[in-house]
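Note sheet for the following structure.
Counting starts at 1 for both ligands and their atoms, following the listed order.
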Amino acid sequence: MYKKLYIPGPVEVSRDVLEAMAAPMIGHRMKEYADIHRRVTTGLKKLLNTTEPVFLSTSSAFGVMEGAVRNLVQKRCANFGNGAFSGKWHDVTRRCGLEADSFSAEWGQPITAEMVDKVLATGKYDALTVVHNETSTGVMSPLEEIAEVMKKYPDVSFIVDTVSSMSAVPLDVTALGTDVCLAGVQKAFGLPPGLAVFAVSRRALEKARSTPNRGYYFDFEEFEANDLKDNTPSTPCISLIYALDHQLAKMFAEGLENRYARHRQMAEATRAWVLAQGFTHFAAEGARSQTLTCGRNDDRTDLEQLKKLAGARGYAIDNGYGKIKNTTFRIPHMADMSMADLEELFNLLEELLPKARG
Ligand SMILES: *Cc1c(COP(=O)(O)O)cnc(C)c1O
């Protein structure tokens with residue numbers, strides 16, 4: 001009845017992760033919770049190479065995306081967009097009643113350091129949002145180059161969505177100098193949805209104190225005050241935090257370098273497979289994601305039909321997102337996936353593709 005998930009979020013969750021969630025409940029104001037909270041935030045700091053705080057939010061990633069702009073936009077926000085998620089962030093910013101402009105690259109293209117530099121040079125903005133890995137298009141933007149440019153603008157809050165890249169590629173928050181670096185756990189972390197994690201700079205925490213209308217649920221000051229006691233402002237999704245604790249231990253046991261190499265290897269294999277099947281890549285050369293591959297459909301494959309055939313065999317596959325649905329498809333290669341999982345998918349699709357091609 002359940003299909004094996006080959007969609008780019010939520011991703012397939014390993015049995016051991018699901019089992020970690022079945023541990024008995026504890027109270028979040030009990031010492032037992034503080035111990036786990038500290039272990040998890042310490043692990044996240046190690047993962048992100050930061051000594052500044054990392055907070056746990058019981059929400060999906062969009063909660064923290066909204067929270068980040070509510071805490072850090074005092075003047076005007078520049079929302080950079082090159083796909084569905086980054087585009088939506090502009091809408092979210094506006095709906096919070098904040099002043100914001102959107103700057104877009106074509107879908108399939110990255111956000112570049114030059115674009116960012118040009119926009120910030122106007123002096124109109126005190127915050128910027130950018131999505132590192134656009135899950136709708138399979139584009140990974142050059143975050144390190146953007147971070148270099150950001151060093152010229154220390155007064156502009158640097159807010160980054162790494163929802164589908166965090167833990168799969170190296171993210172050195174100290175070197176990048178991000179003010180907010182956020183992720184939801186149902187992508188590269190390989191957990192069920194419902195928890196978001198975010199690293200916040202001390203500079204951003206200072207700024208947030210003087211931002212009006214931060215609300216309550218995503219108020220950075222609340223997160224900070226509670227985190228000092230290894231706690232959260234309100235009752236967190238404790239079962240998911242058990243799972244994250246388990247998953248972080250697994251990551252460190254695998255070794256981060258090995259984990260990054262595994263993602264690189266899966267990305268390379270998937271890119272080659274897509275071309276071997278006669279498809280082309282949607283994402284621009286040099287900007288292709290390490291965690292998912294977005295193929296451009298040819299004019300002879302019925303992706304809806306392919307999805308139906310795969311579904312009947314017990315597999316959930318993707319046939320594109322937003323305005324590029326059915327003209328593209330996405331293959332995830334992240335979290336706990338292995339080369340063997342990919343080969344299982346490739347074998348299935350090689351068998352089904354002739355039946356979905358006219
Ligand atoms: C999935 C995703 C989101 C949205 O995450 P939710 O957890 O559904 O709020 C935002 N940004 C990117 C890049 C994503 O892949």
Side-chain angles (χ1 to χ4, degrees), residues 5-13 55-70 77 79-93 95-96 102 104-105 107-111 128-143 146 158-169 171 178 180-199 217-218 236-237 240-241 243-244 247 263 267 282-283 287-294 316 318 320-325 328-335 337:
L5 300 183
Y6 282 100
I7 56 173
V11 301
E12 180 75 6
V13 177
F55 301 133
L56 308 180
S57 170
T58 295
S59 66
S60 84
F62 262 112
V64 179
M65 291 160 80
E66 173 166 329
V69 294
R70 289 193 69 175
C77 186
N79 301 116
F80 287 85
N82 58 341
F85 294 105
S86 47
K88 186 76 191 163
W89 213 348
H90 178 58
D91 181 36
V92 168
T93 309
R95 288 199 207 189
C96 291
S102 104
S104 304
W107 283 37
Q109 296 295 324
I111 301 299
L128 139 173
T129 68
V130 65
V131 170
H132 178 213
N133 191 61
E134 236 314 336
T135 317
S136 62
T137 62
V139 167
M140 197 168 257
S141 289
L143 192 56
I146 293 169
F158 184 18
I159 308 171
V160 186
D161 165 331
T162 58
V163 174
S164 56
S165 56
M166 189 187 285
S167 87
V169 301
L171 282 174
T178 55
V180 177
C181 181
L182 69 99
V185 297
Q186 77 275 23
K187 308 271 171 84
F189 278 95
L191 303 178
L195 173 67
V197 303
F198 60 116
Y217 196 71
F218 296 107
C237 45
L240 272 168
I241 294 169
L244 178 54
Q247 198 69 320
H263 282 85
F282 183 74
R288 289 178 194 148
S289 169
Q290 300 278 31
T291 57
L292 76 148
T293 294
C294 187
D318 174 81
Y321 189 96
K323 70 179 188 190
I324 52 174
K325 189 174 175 141
T328 62
F329 59 92
R330 300 171 302 164
I331 298 175
H333 30 82
M334 63 176 108
M337 281 181 73

Measure from every N or O atom of ligand 1 to the protein's N or O atoms and keep only the pairs below 3.5 Å, writing each with atom names and distance to 0.1 Å.
from, atom 1, to, atom 2, distance (Å)
ligand 1, 7 (O), Ala61, N, 3.0
ligand 1, 7 (O), Gln186, NE2, 2.7
ligand 1, 9 (O), Ser60, OG, 2.6
ligand 1, 9 (O), Ala61, N, 3.1
ligand 1, 9 (O), Phe62, N, 2.8
ligand 1, 11 (N), Asp161, OD2, 2.6
ligand 1, 15 (O), Thr135, OG1, 2.4
ligand 1, 15 (O), Lys187, NZ, 2.6

Distance-only donor-acceptor pairs under 3.5 Å for side chains of residues 181-190, two or more places apart:
none

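In this structure, a donor-acceptor pair under 3.5 Å is present between the side chains of Thr293 and His333. Using modelled atom types and a 3.5 Å distance limit, the side chains of Ser86 and Asn79 yield no donor-acceptor pair.
Going from atom CE of Met140 over to atom CD of Glu134 covers 11.5 Å, rounded to the nearest 0.5 Å.
Proximity of Tyr321 to Thr135: side-chain heavy atoms (C-beta onward) are nowhere separated by under 4.5 Å.
Heavy-atom neighbours of Phe85 CZ from other residues, nucleotides or ligands within 6.0 Å: above the threshold of 12.
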